[in-house]
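Reminder, nothing fancy here: chain letters follow the sequence lines and each chain counts from 1.
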There are 2 protein chains.
Amino acid sequence: MAPRKGEPGRYVAAELAAEFRALIQSGELLPGAQLPSEAALKDERSLSNAAVRAAYERLMAEGLAVSRHGKGVYVLDPKRLVRTSPRRFARGAQSIQSADLEGREPDVQVDVDEVATASDRVVEILGAGPFCRRSRLFSLDGRKLQLATSYLPAGLAVEAGVDQTDTGSGGMYERLAEVGRRPVKACERVYGRVATSEEAQALGLSKGMSIFLIERVAYDEEGRAVEVNEMTLDASKYILEYEFPI
Amino acid sequence: MAPRKGEPGRYVAAELAAEFRALIQSGELLPGAQLPSEAALKDERSLSNAAVRAAYERLMAEGLAVSRHGKGVYVLDPKRLVRTSPRRFARGAQSIQSADLEGREPDVQVDVDEVATASDRVVEILGAGPFCRRSRLFSLDGRKLQLATSYLPAGLAVEAGVDQTDTGSGGMYERLAEVGRRPVKACERVYGRVATSEEAQALGLSKGMSIFLIERVAYDEEGRAVEVNEMTLDASKYILEYEFPI
DNA sequence: AAGTGGTCTAGACCACCCG
DNA sequence: GGGTGGTCTAGACCACTTC
């Protein structure tokens with residue numbers, strides 16, 4: 001319980017969060033707007049620092065706002081990208097992200113390739129290493145959305161010529177097809193949980209925010225796993241869409 | 001920063017959380033074990049109440065522990081159910097959950113049916129109401145896992161005879177098939193976010209835990225939407241698995 | 001230097017559970 | 001009544017940002 005000044009039994013933090021949540025969701029506070037500073041709010045309403053912070057942390061965990069140390073707390077844009085699953089492989093299949101952007105400006109991406117080791121889970125799926133690893137960070141409007149790390153058996157990667165930053169026209173899957181290992185089936189496993197501090201830092205998230213972890217395994221016509229892709233997504237920015245027959 | 005007793009600059013809450021997280025994940029603290037009480041921990045380590053609570057709240061948001069008011073904080077079982085998507089419709093297709101249990105004891109479920117209104121989103125998909133609503137709560141080992149609310153056009157529900165608690169052998173989809181409206185395609189949209197206090201209460205979750213919200217729309221052979229199912233899942237208890245062709 | 005977020009201490013008080 | 005979780009106040013101190 002929350003013993004407020006002469007008015008005991010109120011949940012001040014929860015109510016404060018609800019108040020600002022309503023303002024944000026109703027559009028009275030637009031994306032980019034700055035929330036009252038913690039000190040100001042605490043003085044105005046005769047609350048403690050901790051109560052105000054608890055409220056703001058809640059809003060940040062919900063992805064409604066974000067803080068910038070030394071500057072302020074700002075309302076975020078609530079728009080989400082739809083990540084549609086079978087469909088985005090249908091045509092051309094260049095960047096996995098191409099169908100995600102809905103006509104908005106193309107995303108920035110950073111690639112790193114190397115011969116590498118991998119987790120036990122990757123070894124379980126692809127067999128013993130070494131592996132070719134490709135790490136990519138997708139951003140939109142300066143906001144980090146997704147971190148993707150792809151693993152291929154190193155031998156296959158060299159054979160297909162995808163052990164470099166640029167995988168050429170049609171992308172990695174086209175190169176794999178050219179050496180007879182076209183991926184024809186995918187299996188995605190989705191985990192949802194609160195981000196660790198490392199994940200939060202990597203994606204620029206606030207404490208307590210939800211993320212999706214997606215493990216996608218691609219299989220060729222003979223059922224052999226050819227690629228494992230481990231993705232970390234800001235859950236507040238995505239809708240995952242899957243279509244399938246019943 | 002965290003000015004600790006004569007040792008400033010330490011993040012006591014984060015470190016405390018990390019310490020217990022390691023104990024839980026390594027198996028030194030087994031599911032069901034009770035963590036030290038907040039008061040004991042605070043006294044033993046000369047910390048403040050708030051620091052200990054912050055650490056415990058973090059563990060609870062991660063789904064590693066749960067508190068019971070007046071009793072203690074307890075380690076949770078980290079096992080997850082795999083919810084495999086196209087496959088669980090393959091045979092018989094009775095309860096949607098049947099493939100989720102992996103041979104463990106069957107889940108308890110509560111059903112409520114009625115003629116009802118629905119959200120704008122449901123109206124957008126199914127057209128104007130009224131609707132037949134079926135709400136179900138799935139539990140396992142006394143732990144609430146999933147809340148599912150299904151909407152059908154009321155006329156169709158009556159015609160197919162699924163406006164009751166028991167939908168007969170083969171379940172609702174078989175009844176719909178008998179009146180020429182067999183669902184043949186599904187589209188699921190997955191949202192991830194921290195649970196609201198209402199959702200947390202309904203599912204028995206701790207503050208700050210992640211949930212999946214799944215909206216599944218089922219379509220018949222002619223592409224007409226016949227059912228919308230809105231599901232709320234404890235994200236810490238599930239892996240969502242989807243298979244599809246590339 | 002002033003303003004802002006961020007972490008912590010110390011202590012109060014309440015609600016729930018059980019013997 | 002004693003133990004346990006849960007919420008809050010009051011105040012200290014630090015780090016980052018801007019002027």
Side-chain atoms of B:Ala51 come closest, of D:dG5, D:dT9, C:dT9, to C:dT9
Closest to the A:Tyr11 side chain: D:dT9, D:dT7, C:dT9?
-> D:dT7
Round to a whole Å and report the spacing from NZ of A:Lys207 to P of C:dG5.
-> 15 Å
Rounded off to whole Å, could you give me the CD-to-P distance for the A:Glu57 and D:dC8 pair?
-> 13 Å
B:Leu41 CG to C:dA10 C1', straight-line distance once rounded to whole Å = 17 Å
Contact list for residues 47-65 of chain A, test salt bridge (Lys or Arg N to Asp or Glu O under 4.0 Å), sequence neighbours left out = A:Arg21-A:Glu62, A:Glu38-A:Arg53, A:Arg53-A:Glu57, A:Glu57-A:Lys207, A:Arg58-A:Glu62
pair B:Arg216-B:Glu188: side-chain heavy atoms closer than 4.5 Å | yes
What integer distance in Å separates B:Asn49:CG from D:dT9:C1'?
-> 12 Å
Let me know the distance between CG of A:Asp43 and C1' of C:dT4, rounded to the nearest Å.
-> 13 Å
Quick one: are B:Phe212 and B:Thr232 in side-chain contact, heavy atoms under 4.5 Å?
-> no
I would like to know whether B:Arg189 and A:Glu241 meet side-chain contact (heavy atoms from CB on, under 4.5 Å); could you show each step before the answer?
-> CA-CA 4 Å; B:Arg189 292 170 78 119; A:Glu241 188 175 82; 3.1 Å; yes
Atom CD of B:Glu38 and atom P of C:dC14 are separated, to the nearest Å, by 18 Å
Tell me, please, which residues at least two apart from A:Glu28 pass side chain to side chain contact (heavy atoms under 4.5 Å, CB included).
-> A:Leu23, A:Ser26
Using heavy atoms to find the nearest nucleotide of DNA chain D for B:Ala50 and B:Leu35 separately, return the residue whose nucleotide is more 5′.
-> B:Leu35
Here the residues of residues 64-76 of chain A within 4.0 Å heavy-atom distance, strictly under, of DNA chain D are A:His69, A:Gly70, A:Lys71
A:Ala40 near the nucleic acid: base, sugar-phosphate alone, or nothing, with a heavy-atom cut-off under 4.0 Å?
-> nothing
In whole angstroms, how far is the P atom of D:dT7 from the CZ atom of A:Arg58?
-> 11 Å
Between B:Lys42 and B:Ala54, which has a closest nucleotide on DNA chain C that is more 5'?
-> B:Ala54
Round to a whole Å and report the spacing from CZ of B:Arg53 to P of C:dC14.
-> 18 Å
Residues A:Arg143 and A:Asp234: closest non-hydrogen pair is NH2-OD2, 2.9 Å
Of all heavy-atom pairs between B:Phe20 and B:Leu35, which one has the smallest distance, and what is that distance?
-> CD2-CD2, 3.9 Å
